[in-house]
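Below: the structure, in structure tokens.
Just so it is clear, the values below take in all heavy atoms, side chains as well, and ignore hydrogens, waters and symmetry mates. For the single chain, residues carry numbers from 1 onward in sequence order.
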Amino acid sequence: MAAWQRKPAGRLLVAANVVDRLISLVLIICDHCTFLLNGTPKLEALEKQSTLRQFVSSPLYLGAAIAMFLSGIGMSAAAPQIVLFLVRELNAPIAAAGLFYLTNLAAPIAGYAIGSFSDRTGDRLGLFRICALLGSIGWAGIALSISSWMPFVINAAVLAFSGAAASQLFAAINDDIQARETVASDDIVSIVRMALTAGWVVGPVVGTWITAQFGIRAMLWFTALCFLLQIAPLGTLATPSLEKGFGTTARPLRQRNLKEMLPLLGFTGLFVLVYAGESIKYGFLLLYMDEGLGLDAATRGAVIGIQPLVELLIMPFAVLLARKIGMLWLMCGAAILGVLANICFAAWSSAMGMFAGQILMGGVWGVFAALGIIAAQRLLPTAVATASAIFMSSTALSSALGGAAGGLGVAQFGLPHVFLLPAAFSAVAVIGLACMARSMKFS
């Protein structure tokens, strides 16, 4: 038991060290790579090297990164164990507990409502604080639940709105970038998004340790605390002013029609197809590695853990590559990696096949995590909060799609051939993203 207890602490220390060094060195690495690839003039390189200083000196950018890190820790600590909580603590049937994630379908509706209201009022940070507070209240309510129906209701009615907190922060960052006319805007957004990903690396380790030491309810209280602490890094900071006549978001927004939103909705739909594979993977990959391949627990943990680390390593370079080949073309390439990753899961029945698939998936999410929110905001530049909310809440739709497809697919095709379904989904996304890349171009 003592050896098992040392592993999470060691992994946590390694993850924290990796994240700290990545945040410190990412822009310097990008500068050198840009010089090597493009022969970037020294003056431009020197200007870009000040981006990290600008990021650290901005209360909004630095506070948003810390808030997203806390959000990632809290969510990833609770997400893998909520079904276990329903079954063990509240005695819910396994079949009923599996339906919990369907309540996430309320998140896109809540996200759109919050985003639209934010675009009308411009109060990004005020809404962020309200959403974060609702998240804290919601997870505290789940921790106090005494009946199995309570988490379902709380997740649909309260936590659906908490998911909009992140989208409000990214909208506020976009407003501030426009106001400052910041050159390295993509770098700043990417760093904040990296902080969220870093939280998802650390969170499962912390959540597992808290559950082992103090129980699942204590872990849920920890998640509630993380949501509440999101508010602290931004203090009483006001929403960036939009009264300086820049850009399209400075004027009152007109009523948006469906035609105006079609590119964003199309892009989000393609993202849903790619992301649906994650639900299938996390639902059945561990089971397949255990029962189908007979891999030991340490190997299974290493397979699952390698993806977010690869993702973190790739994210700094995603923005650089997007400037070279185009944002949508790069995401099209990432979707191709998703096809190959799921083929590895389905056809390469060994530990090496599982590692190869996860490394490829790290490439997929290293690109989409860094560029997805940026692309969404540029597809609806007159309503960045709405765009952010629609894109970031779409993971609920992909979870529902992946859960339904995985349940039906495993009954029809069995393991590991069920992974051919997400490969097909990603193939459709490749075609869609290629069509979008040919028809439009981002500045």
Side-chain angles (χ1 to χ4, degrees), residues 79-80 98 101 197 200-201 204 269-315 318 321 329-369 372 395 397-435 437:
Y101 293 105
T197 302
W200 277 84
V201 174
L270 296 174
F271 171 76
V272 166
L273 288 176
V274 178
Y275 198 85
E278 290 293 281
S279 300
I280 299 175
K281 184 183 72 176
Y282 284 116
F284 300 105
L285 188 62
L286 281 171
L287 181 65
Y288 173 59
M289 288 192 293
D290 183 17
E291 298 183 358
L293 300 181
L295 301 180
D296 58 80
T299 303
R300 297 196 303 269
V303 168
I304 295 299
I306 197 170
Q307 176 183 319
L309 291 178
V310 172
E311 182 180 337
L312 271 176
L313 291 172
I314 288 177
M315 285 180 72
L321 289 174
W329 281 119
L330 183 58
M331 285 188 277
C332 180
I336 293 175
L337 295 182
V339 176
L340 297 176
N342 284 290
I343 290 176
C344 285
F345 296 144
W348 195 349
S349 301
S350 67
M352 288 300 296
M354 302 302 102
F355 274 110
Q358 281 289 81
I359 290 171
L360 289 170
M361 289 304 296
V364 175
W365 300 119
V367 172
F368 275 94
T395 54
L397 294 176
S398 63
S399 296
L401 173 62
L408 295 174
V410 77
Q412 185 70 28
F413 307 114
L415 288 173
H417 299 107
V418 68
F419 295 110
L420 294 176
L421 286 177
F425 293 160
S426 293
V428 174
V430 170
I431 298 172
L433 287 167
C435 291

**Asked** Would S350 and L293 count as a side chain to side chain contact (heavy atoms under 4.5 Å, CB included) if you check the C-alpha gap in whole Å, the side-chain angles of each, and the deciding distance to 0.1 Å?
**Response** CA-CA 7 Å; S350 67; L293 300 181; 5.9 Å; no
**Message:** Distance alone, cut at 3.5 Å: any donor-acceptor contact between the side chains of W200 and E311?
**Reply:** no
**Item:** Closest heavy-atom pair and its distance - V418, G409
**Value:** CG2-C, 3.7 Å
**Prompt:** Looking only at heavy atoms, which two atoms of A429 and L270 are closest? And how far apart?
**Reply:** CB-O, 3.7 Å
**Request:** For residues V364 and M361, determine if any side-chain heavy atom of one lies less than 4.5 Å from a side-chain heavy atom of the other.
**Result:** yes
**Prompt:** Just wondering, do R300 and M354 contact through their side chains at under 4.5 Å, heavy atoms?
**Reply:** no
**Asked** Passes side chain to side chain contact (heavy atoms under 4.5 Å, CB included), V430 versus L433? Steps please.
**Response** CA-CA 5 Å; V430 170; L433 287 167; over 6 Å; no
**Request:** Report the C-alpha separation of F271 and Y275 in whole Å, then their side-chain angles, then the decisive distance to 0.1 Å, and conclude whether the ring pair (Phe, Tyr, Trp, His ring centres under 6.0 Å) test is met.
**Result:** CA-CA 6 Å; F271 171 76; Y275 198 85; 5.6 Å; yes
**Request:** Kindly compute the distance separating CG (L421) from CG (L401), expressed to the nearest 0.5 Å.
**Result:** 9.5 Å
**Request:** Could you please spell out the steps behind the side chain to side chain contact (heavy atoms under 4.5 Å, CB included) verdict for F284 and V410?
**Result:** CA-CA 9 Å; F284 300 105; V410 77; 3.9 Å; yes
**Fill in**
Minimal heavy-atom distance between F368 and A335, with the atoms involved, is CE1-N, 4.2 Å
**Request:** Specify the closest pair of heavy atoms between A423 and I343, including all atoms of both residues, with the distance to one decimal.
**Result:** CB-CG1, 4.3 Å
**Request:** Report the distance from atom CG of N342 to atom CG of L337, rounding to the nearest 0.5 Å.
**Result:** 11.0 Å
**Atom pair CG/CG of D290 and L285 - distance to nearest 0.5 Å** = 11.0 Å
**Request:** Just grab all the side-chain hydrogen bond (donor to acceptor under 3.5 Å, both in side chains) pairs involving residues 404-427, residues at least two apart or on different chains.
**Result:** none
**Results of ring pair (Phe, Tyr, Trp, His ring centres under 6.0 Å) for F419 - residues two or more places apart only** = F345
**Request:** Starting from the C-alpha separation in whole Å, work towards a yes-or-no answer on side chain to side chain contact (heavy atoms under 4.5 Å, CB included) for T299 and F355.
**Result:** CA-CA 10 Å; T299 303; F355 274 110; 4.3 Å; yes
**Prompt:** Roughly how far apart are L415 CG and M289 CE, rounded to 0.5 Å?
**Reply:** 11.5 Å
**Message:** Just verifying a value: how many Å separate L313 CG and I359 CD1, rounded to the nearest 0.5 Å?
**Reply:** 11.0 Å
**Asked** Between S349 and Y288, which heavy-atom pair has the shortest distance, and what is it?
**Response** OG-OH, 3.0 Å
**Request:** Heavy atoms only: give me the nearest F425-A276 pair and the separation to one decimal.
**Result:** CD1-CB, 4.1 Å
**Request:** Please round to the nearest 0.5 Å and tell me the distance separating atom CH2 of W365 and atom CD of E278.
**Result:** 5.5 Å
